[in-house]
Each structure stands twice: as structure tokens, then as C-alpha cells.
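The analysis underlying the following values was restricted to heavy atoms, covering all of them including side chains, and did not include hydrogens, waters or symmetry mates. So you know, we letter chains A, B, ... as the sequences are listed, proteins then strands, and number each from 1.
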2 protein chains.
Amino acid sequence: MRADAQRNAVKLREAAADLFQERGLQVSLKEIARRAGVSHGTLYNLFGSREALIDEVIADLAATRLSAAAARALASEDAWAGFAGYLTEVCELQATDPALGDVLTRRFPDASRLMAVCDNSYAATEAIIARAHQDGSLRPDFTASDLLFFLASHAPLARATAATGSDAWRRQITFMLDGLRAPTAVMVEVAALSPEEINRLLIQES
Amino acid sequence: MRADAQRNAVKLREAAADLFQERGLQVSLKEIARRAGVSHGTLYNLFGSREALIDEVIADLAATRLSAAAARALASEDAWAGFAGYLTEVCELQATDPALGDVLTRRFPDASRLMAVCDNSYAATEAIIARAHQDGSLRPDFTASDLLFFLASHAPLARATAATGSDAWRRQITFMLDGLRAPTAVMVEVAALSPEEINRLLIQES
DNA sequence: CGGTAACTTGACCGGGCGGTCAACATGTCT
DNA sequence: AGACATGTTGACCGCCCGGTCAAGTTACCG
């Protein structure tokens with residue numbers, strides 16, 4: 001590989017990392033090239049597809065963060081605390097980093113490394129859940145697939161909420177963990193969104 | 001208004017209603033015109049904007065269905081059952097009718113009648129929640145805004161899930177209502193999605 | 001300092017969208 | 001029947017996307 005191509009690849013990776021984390025994994029490739037100060041033809045030449053670019057730019061990052069969260073969960077003394085902490089942590093990632101939200105929420109079958117990350121992550125959640133099942137703290141009918149479903153549905157709004165600087169998405173986590181029935185409920189500490197705030201969120205949520 | 005314009009308006013309303021309910025309130029206006037067998041120019045001429053078309057086609061439908069659900073909830077003897085039933089019913093609407101999902105989930109500020117429907121619906125939710133607060137069955141920190149947040153995050157995946165014929169989204173409702181902690185958990189009856197099923201859902205979820 | 005291989009570029013393809021408007025067609029009313 | 005108002009049409013605008021490729025440029029090696 002020639003030196004200039006090397007440099008361009010670096011510039012493109014940086015631009016892609018920035019834009020992926022700012023706006024998610026769906027940003028247009030032409031825009032990435034634009035931000036990198038390079039023709040979009042070059043991007044196609046060097047990477048060939050969005051999946052390949054994602055794989056190079058996001059897979060390691062995602063693996064690091066997700067496995068750290070999983071490791072913390074499994075290291076926890078209390079299986080329930082480990083599970084609850086994991087759920088919370090992953091939601092924090094989703095809320096603050098659109099790219100990571102998309103990693104869990106979208107699928108890119110041709111990004112093989114990223115797919116491996118997803119598989120590992122799924123296996124880790126199964127272990128975390130199994131541990132909490134074993135000590136009886138987690139309802140036995142809750143599965144890793146349920147967790148993924150929750151994460152996927154939660155991601156877009158959490159992202160949009162966090163983008164406004166609000167923490168309101170944490171309320172949903174609390175509800176999910178505690179349940180809505182008063183007898184077992186623990187009070188949430190974060191303030192609810194006002195109707196106006198929610199309206200604004202929903203409008204800008206494309 | 002000339003008779004042919006009248007006829008075209010009818011055709012367009014019908015096509016719009018079909019497409020909105022099949023694919024949500026974001027379908028392209030040109031496609032609606034195409035299905036109605038009419039030029040898109042005519043659509044713009046007769047309705048002027050997507051909001052106006054939505055207002056004519058969806059507002060009444062939404063009002064009817066939402067207020068029926070709310071009325072049922074408030075008529076229920078048991079405040080908790082009313083609340084839980086309302087949540088479930090609204091989620092069923094979201095799952096089976098993309099247009100209704102969008103009504104609660106997106107905002108169309110220029111569709112004045114629809115906005116009124118949303119406001120009414122929000123007020124009804126507040127009443128349903130207040131009733132459940134009063135008899136102590138619903139945790140006091142849960143608000144109408146929280147419910148809306150939940151509905152909005154839940155809608156896209158519920159729709160995608162239901163489109164595959166699965167009922168798995170109901171699990172999330174159960175979890176939300178019961179909480180995840182085993183001591184109070186009630187077992188869900190619907191089967192969990194397999195990882196493959198979830199993958200497929202997430203791929204096709206644009 | 002060549003000359004070749006490697007690389008970059010941007011015009012171009014086909015597709016989509018929302019939206020506008022001059023030219024044409026048709027309903028309607030006298 | 002005629003003529004005017006009312007409607008319809010589809011080409012056109014500007015914008016976006018993913019993707020390709022001939023022509024031009026640049027790095028590198030001998």
C-alpha cells in the first residue's frame with residue numbers, strides 16, 4: 001500500500017469513527033469522505049463497503065466496552081447487582097454513543113468481526129442472566145433474547161433523550177428492574193420529562 | 001369543488017389510509033398518489049401537505065380507537081386492571097397498526113386535529129394513572145410522560161415483531177408490569193424470540 | 001531522473017424524495 | 001353549444017443516496 005493511501009485510510013477511519021459515534025452507523029459514506037477531506041471514490045476504493053469500514057472502526061471499540069461491562073457484571077458478588085449493573089451500563093453506552101447503540105440494535109451481517117463481537121456479547125449476557133437465575137434473584141422466564149429486545153427498543157429514545165442532556169431514560173431502567181407494582185417499587189430519583197420535552201424528542205426523532 | 005376532484009380526493013384518502021396503516025405515516029406522498037392512480041400533483045393540489053392528509057385520514061380513526069381504550073380503562077372496577085389493560089391495548093394497537101403506532105410515537109405539529117387527539121389521549125392517560133395512584137396499586141412516581149416514553153420506545157420493535165406474526169412483544173409488557181424481580185414476577189406465557197428471529201427483526205428494521 | 005504501477009478524483013449512473021407550475025383537459029353553468 | 005373556471009398532469013427543480021469508472025495524478029523503484 002502506498003504511503004498516500006495509508007494516510008487517506010487513516011483520515012477516513014478517523015472521520016468514520018467521529019461520525020459513527022456522533023450520529024450512528026447509518027451516516028452516509030459520502031459524508032464520511034467529505035469530513036475526511038477525500039473523494040468518496042477513495043473511500044469505496046479503500047474500504048469497499050460500509051460494513052468493512054464499520055468492522056475496522058467500531059468492532060474493537062465495541063468489544064472493549066461491552067466485554068468490560070460483562071466482566072464487571074460477572075465479577076460482582078451479588079448476581080442481581082451484576083445483572084442490574086450490566087443492564088444499566090449497556091444502556092448508558094447506548095445513550096451516550098450512537099455507534100454502540102446501533103451495534104446492539106442493528107445488524108450488519110457482512111461485518112464479520114462485529115458480528116463476532118455481538119455473538120460474544122450475547123453469550124456474556126446469557127451467562128450473566130444464568131447466574132442471576134441460579135440465585136433466584138431474576139425471574140426465571142427472562143432470557144437473553146428478552147434483554148436484547150429491551151435494549152433494541154430502548155436505544156433510539158435513550159439516544160434522543162441523552163442528546164438533549166436529559167437522564168430521563170434512566171427512569172425506564174428503574175421501572176424495568178423494579179416493576180410498576182407499588183408493593184415492590186423503589187422510587188426513581190430522576191425527574192420525568194415534561195410533555196413539551198417529550199414532544200420535542202419525538203419530533204426530532206426521525 | 002368539482003365532481004372529479006371529489007372523486008380523486010376519495011381515491012387519495014383511501015390509498016393514504018391503506019398505506020398509512022400498512023407502513024406508517026412516513027410513506028412517500030408520491031407513492032400514495034401512485035396507489036390512488038392519480039398524479040402526485042393532484043395530491044399536492046387537493047391536500048397540500050402530508051400533515052393535512054394525515055389529519056383527514058387518521059385523526060378520527062385514532063380518536064375512536066384511543067378513546068375507546070381509555071374509556072374501557074376508566075370503566076374498569078379495578079384501577080390497576082384498568083391501567084394494565086389500557087397499556088396492553090394501546091400496545092396491541094401499535095403492534096397491529098403502524099399508523100396508530102406513529103400517532104403516539106411521532107409528532108406532526110401541523111396536523112391540528114391529530115394533535116388534539118394526542119392531547120386528549122394524554123389527558124386520558126393521566127386520569128387512568130391518577131386513578132391507579134389513588135388506590136395505591138401503581139407506584140406513585142410513574143407518570144403519563146413515562147408511559148408515553150415507554151410506548152414510543154416500544155412501538156417500532158412491537159410493529160416489526162408483530163409483522164412477523166410473533167407475539168413476543170407482549171413479554172415486554174408483562175415485564176414492565178410485573179418487574180423483573182422474581183419475588184413478584186408472574187410467569188409470561190408467550191415464547192421468547194430465538195436469537196435468529198431477533199436478528200432478522202433487527203436487520204429489516206430500517 | 002524517468003517510467004510504471006498505485007492511487008485519487010469527480011463526473012456520471014439510476015434511484016429516491018418533496019415540491020412547483022405551465023400546458024392541457026374537463027366539468028359546469030348559462 | 002360555448003366558454004370560463006376548475007382540475008389534472010407530468011416534466012422539471014434541487015437535493016440526497018449508493019455505487020462505478022475513465023482520466024488524471026502521484027508515489028516509488030531502479
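Checked by distance alone, B:Lys30 brings no side-chain donor or acceptor within 3.5 Å of a matching partner on the base of C:dG16.
As rounded to whole Å, 19 Å separates atom P of D:dT8 from atom CZ of B:Arg34. For the pair B:Asn45 CG and C:dA23 C1', the interatomic distance rounds to 15 Å; values are reported in whole Å. Computed from coordinates, the A:Asp4 CG to D:dC29 P distance equals 12 Å when rounded to whole Å. Rounded to whole angstrom, the span from the CZ atom of B:Arg7 across to the P atom of D:dT9 amounts to 11 Å. Following rounding to the nearest Å, B:Leu12 (CG) and D:dT9 (C1') show an atom-to-atom distance of 13 Å. In this structure, A:Arg2 places its CZ atom 5 Å from C1' of C:dA6, rounding to the nearest Å. Note: CE (B:Met1) to C1' (C:dT26) measures 15 Å, nearest angstrom. Put simply, CG on A:Leu29 is 7 Å from P on D:dG19, counting in whole angstrom units.
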Inset, instruction - Begin with the C-alpha distance, continue with both residues' side-chain angles, and end with the deciding distance and a verdict on side-chain contact (heavy atoms from CB on, under 4.5 Å) for B:Thr125 and B:Ile128. - result: CA-CA 5 Å; B:Thr125 328; B:Ile128 292 164; 5.5 Å; no
Inset, instruction - Let me see the working for A:Asp60 and A:Arg113 under salt bridge (charged side-chain N to carboxylate O under 4.0 Å, His left out), right down to the final yes or no. - result: CA-CA 8 Å; A:Asp60 287 337; A:Arg113 289 172 58 212; 2.7 Å; yes
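For the side chain to side chain contact (heavy atoms under 4.5 Å, CB included) with A:Leu46, the qualifying choice from A:Leu53, A:Val38, A:Leu12 is A:Leu12, the only one to do so.
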Ignoring hydrogens and angles, write down the donor-acceptor pairs under 3.5 Å from the side chains of residues 82-91 of chain B, residues two or more places apart or on other chains.
residue: B:Thr88; atom: OG1; partner: B:Ala84; partner atom: O; Å: 2.8
residue: B:Glu89; atom: OE1; partner: B:Arg72; partner atom: NE; Å: 3.2
residue: B:Glu89; atom: OE2; partner: B:Arg72; partner atom: NE; Å: 3.0
residue: B:Glu89; atom: OE2; partner: B:Arg72; partner atom: NH2; Å: 2.5

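Two residues are said to be in side-chain contact when any heavy atoms from C-beta on lie closer than 4.5 Å; B:Pro98 and B:Arg23 fail this criterion.
Of all heavy-atom pairs spanning A:Lys11 and A:Gly37, the tightest one is NZ-O, 4.5 Å.
Relative ring orientation between A:His154 and B:Phe149 is described as tilted, the plane-to-plane angle lying within the 30° to 60° band.
The phosphate of C:dG18 has OP1 or OP2 within less than 4.0 Å of a side-chain N or O from B:Ser28.
Nearest-nucleotide positions on DNA chain C for B:Ala3 and A:Ser39 put A:Ser39 closer to the 5' end.
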Contact list (N/O, under 3.5 angstrom) for nucleotides 20-24 of chain D vs protein:
residue: D:dT20; atom: O4; partner: A:His40; partner atom: NE2; Å: 3.2

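Across all strands, A:Asn8 comes closer than 4.0 Å only to sugar-phosphate atoms, never to a base (heavy-atom distances).
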